[in-house]
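Following: one structure in structure tokens, then a few remarks.
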Amino acid sequence: MKTILKYFISAALLAGTVFAGVVEVGLAAYQNSDYEGAVELFQKSCDDGEVLGCSFLGTMYDNGKSIKQNYSKAAELYAKACSGGDIVSCGNLGVMYASGRGVKQDFAKAVELHKKACDGGEALNCSFLGAIYNDGKEGVKQDYAKATAFYKKSCEGGYVGDCGKLGAIYEHGKEVKQSYTKAVELYTKGCNGGDVTSCGNLGELYASGQGVKQDRAKAIKFYEKACEGKHVASCNNLGSIYYDRQDYAKATELLQKGCESGYIESCYDAGFIYANGNGVERDYVKAIGFYEKACDKKHIESCNNLGSMYYTGKGVKQDYAKAVEFYAKACEGGHIMGCSILGTIYANGYGVKQDYAKAVESYKKACDGGEILDCSFLGAIYNDGKEGVKQDYAKAVEFYTKGCNGGYAGNCGALGELYESGKGVPQDYAKAIEFYTKGCGKDHAQSCGLLGEIYESGKGGVKQDYAKAVQLYNKACASEDVVSCNNLGTMYSNGYGVKQDYAKAVQLYEKSCEGGYAVSCHNLGIRYVDGNSQDYVRAAELFQKACDGGYVGSCYNIGFIYANGYGVEQDYTKAIQFYEKSCDNKHAQSCNNLGSIYYNGKSVQQNYAKAAALFQKGCESGDATSCGNLGIMYEDGKGVRQNRALAEQLYKKSLQ
């Protein structure tokens with residue numbers, strides 16, 4: 001009742017009118033709680049053209065404290081009073097259009113009505129207009145110049161909060177010339193009038209020395225005033241000052257206060273203090289409590305920190321599922337590192353089912369956010385193809401390009417390989433050389449080695465240059481690229497671009513073999529077979545290592561050594577084992593030799609059919625001896641049905 005009566009008196013005074021008889025009697029009835037009588041009298045005066053009667057009745061329906069609330073009826077009455085010149089009713093109707101209460105929401109209409117009230121001296125409506133233009137609303141374009149004009153009126157009209165809002169416009173130079181001095185003046189006016197936001201903003205300017213001489217004492221004074229008025233950002237800022245002053249107890253107290261009041265930055269800061277034990281006893285339980293509170297309010301740094309704690313098991317039991325939960329929240333909120341680590345978790349299956357599709361999704365967000373390493377990971381995933389992610393060389397090129405441009409030399413080398421092979425892009429040796437050169441220039445050993453291979457072979461129209469190849473292989477080998485060490489060993493073995501030097505070749509092959517490159521173990525084994533210091537035992541060891549490493553030529557060689565007893569005890573069982581391994585990997589000569597063992601029944605039961613099948617396999621893989629041996633079997637009808645015509649064809653094939 002007090003609220004509406006105050007409004008009635010205010011409205012009458014502002015309108016500059018003296019209550020007419022019926023309106024006066026209506027007000028008396030209202031004061032005596034005769035609401036039905038008041039409604040009847042206000043309605044009568046309204047019907048008789050008394051706009052104040054319409055206005056007062058509209059207010060009763062709007063508030064709904066003395067009669068049943070009816071926004072539509074209130075809007076209708078305000079409209080009638082406004083049309084009759086009551087500016088307060090115009091303003092009230094503007095509020096209804098802005099909120100969509102009783103009428104369809106219409107900010108343009110609200111602006112029109114607020115302007116009438118503002119022009120008539122209603123400072124509150126000037127304030128509403130300032131807010132609408134400051135924020136920009138549907139149908140009303142954001143306009144800081146207009147916001148400034150209206151905030152000036154409302155500030156001068158006693159709305160101190162708008163002095164502060166006007167100060168913010170000058171502080172940030174929004175369509176006005178930036179002026180910290182003007183901002184200080186307005187914030188001071190707002191703060192003196194009791195606007196705690198203005199006090200907080202004034203504290204920030206004193207803390208930074210913008211528009212005023214830097215003064216931490218004054219900053220604290222204003223922050224304290226604002227904090228006492230429950231301006232939580234100021235409590236947080238005050239906490240930061242005390243933290244810098246190493247008054248951790250006071251800082252923690254203020255940050256906790258800010259957090260309890262809903263200021264999430266304070267929750268994060270308090271969590272950080274407890275997590276790191278900065279001036280307080282480290283307490284991970286409290287840290288998690290503050291971080292969780294902030295994370296629940298979508299403070300992504302807090303979500304990320306929680307993810308990190310559960311991921312590493314720092315202060316809590318390691319829990320990858322929890323880590324995924326919090327990293328996912330951080331990533332969804334735009335935290336790039338959260339996306340990056342989430343991608344790594346899914347790519348490696350840390351505590352979750354390995355899922356490359358999800359890894360790609362997270363890595364893409366991180367890559368788009370500027371984490372170039374994640375672009376590199378994406379390039380590798382698309383280049384190789386993973387479960388749930390189809391191999392896509394074009395996408396590999398896209399992401400490797402980002403990685404290369406971002407400084408990841410290995411991606412430059414990977415791009416070079418794609419251009420050299422024509423995967424995902426048209427084959428282009430010039431481009432391949434460009435990227436290999438770029439990678440090599442950044443000390444990516446493999447890029448140097450691949451560039452060396454182009455100069456050694458003279459591929460892609462490049463002039464063959466052994467000296468250049470040797471130079472590049474040397475650089476790559478020095479950086480532990482085992483393939484380049486092997487290639488350099490071959491250059492020394494053959495005397496290409498360097499003086500022939502078998503000792504140097506052996507040294508390089510050994511380095512490469514020890515580094516796990518099977519081809520070098522094979523090449524080194526050859527040196528022990530063909531070299532001056534012939535050593536079949538050592539050769540067998542090296543061929544064994546190369547065979548285990550996947551080089552099928554070595555599987556053949558060690559099979560040959562055991563079959564013939566070179567430096568080792570003759571052992572057809574072992575020979576068969578190695579011949580089978582290399583034959584299964586389409587080493588034609590191994591198929592032939594294995595076929596011969598079954599043909600002759602050496603250490604196995606003689607089996608012509610098995611022998612014929614092996615000769616057939618060797619012949620189809622291009623071994624002439626296998627074709628000749630298969631021809632003999634068709635001529636004699638051993639293991640196959642006799643067919644001299646086919647035998648003749650096979651003999652001819654063996655001579656080609």
Side-chain angles (χ1 to χ4, degrees), residues 2-20 23-24 26-27 42 45-46 49-60 62-63 74-99 101-103 106-135 137 140 143-170 176 182 185-186 189-190 192-195 198:
K2 289 181 180 178
T3 303
I4 194 168
L5 183 59
K6 181 180 177 184
Y7 178 83
F8 285 165
I9 295 169
S10 168
L13 291 174
L14 287 171
T17 59
V18 177
F19 296 140
V23 173
E24 185 177 10
L27 279 171
F42 288 147
S45 63
C46 179
E50 289 291 336
V51 294
L52 281 179
C54 302
S55 179
F56 293 156
L57 187 56
T59 303
M60 290 182 74
D62 195 358
N63 289 343
E76 178 188 329
L77 289 160
Y78 285 149
K80 188 171 182 179
C82 177
S83 298
D86 181 51
I87 58 168
V88 174
S89 292
C90 295
N92 288 345
L93 188 58
V95 171
M96 299 192 85
Y97 273 104
S99 62
R101 197 171 72 240
V103 290
D106 186 334
F107 284 105
K109 185 71 174 173
V111 165
E112 177 190 331
L113 291 160
H114 282 317
K115 277 183 179 176
K116 282 186 179 181
C118 176
D119 291 343
E122 280 293 318
L124 177 59
N125 297 100
C126 301
S127 176
F128 289 151
L129 284 166
I132 290 173
Y133 280 112
N134 186 70
D135 300 336
K137 299 291 184 179
V140 181
D143 189 328
Y144 290 114
K146 286 185 177 179
T148 300
F150 288 115
Y151 278 148
K152 277 181 180 177
K153 286 186 176 182
S154 55
C155 173
E156 290 165 2
Y159 285 89
V160 292
D162 288 355
C163 301
K165 291 171 185 174
L166 190 57
I169 289 175
Y170 278 103
V176 295
K182 188 73 174 172
E185 176 192 330
L186 288 159
K189 186 173 181 179
N192 290 341
D195 179 50
S198 292

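Below, each value reflects all heavy atoms present in this structure, side chains not excepted, and no hydrogens, waters or symmetry copies. A quick note: this is a predicted structure, and the numbers were derived from the prediction, not measured.
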Q: State which residues pass side-chain contact (heavy atoms from CB on, under 4.5 Å) with A75; sequence neighbours excluded, sorted by chain then number.
A: L93, M96, V103

Q: Give the minimum heavy-atom separation between Y78 and S55, together with the two atoms involved.
A: CE2-O, 3.8 Å

Q) Can you list the residues that meet the side-chain contact (heavy atoms from CB on, under 4.5 Å) rule with D143, with sequence neighbours excluded? A) Y133, A145, K146, E175

Q) Just how far is it from atom CG of L186 to atom OH of Y151, taken to the nearest 0.5 Å? A) 12.5 Å

For residues 159-169, dump all side-chain donor-acceptor pairs below 3.5 Å to protein atoms at least two apart in sequence or in another chain.
residue	atom	partner	partner atom	Å
D162	OD1	S127	OG	3.3
D162	OD2	S127	OG	2.5
D162	OD2	S154	OG	2.5

Q. Which residues pass the salt bridge (Lys or Arg N to Asp or Glu O under 4.0 Å) test with D62, sequence neighbours left out?
A. R101

Q: With sequence neighbours left out, write down each residue that passes salt bridge (Lys or Arg N to Asp or Glu O under 4.0 Å) with E112, or none if nothing qualifies.
A: K109

Q.
Please give me the minimum heavy-atom distance between V88 and E122, naming the atom from each residue.
A. CG2-OE2, 3.7 Å

Q.
I want to check something: taking the side chain as every heavy atom from C-beta on, are T148 and Y170 in contact at a cut-off of under 4.5 Å?
A. yes

Q) Under the salt bridge (Lys or Arg N to Asp or Glu O under 4.0 Å) test, which residues partner K153, sequence neighbours left out? A) D119

Q: With rounding to the nearest 0.5 Å, note down the distance linking CG in L113 to CD1 in I87.
A: 12.5 Å

Q) How far does CG of L77 sit from SG of C46, to the nearest 0.5 angstrom? A) 5.5 Å

**Q.** salt bridge (Lys or Arg N to Asp or Glu O under 4.0 Å) partners for K115, two or more places apart
**A.** none

(Q) Holding to side chain to side chain donor-acceptor pair (under 3.5 Å), I want the full list of residues that pass it with N125, two or more places apart in sequence or in another chain. (A) H114

Q. Shortest non-hydrogen contact from E156 to K189?
A. CA-NZ, 4.4 Å

**Q.** Closest non-hydrogen atom pair, C118 against F150
**A.** SG-CD2, 3.9 Å

Q: Provide the closest heavy-atom pair for F56 versus V23 in the form atom of the first, atom of the second, distance.
A: CE1-CG1, 3.7 Å

Q) What's the shortest heavy-atom distance between C82 and S89, and which atoms? A) N-CB, 3.9 Å

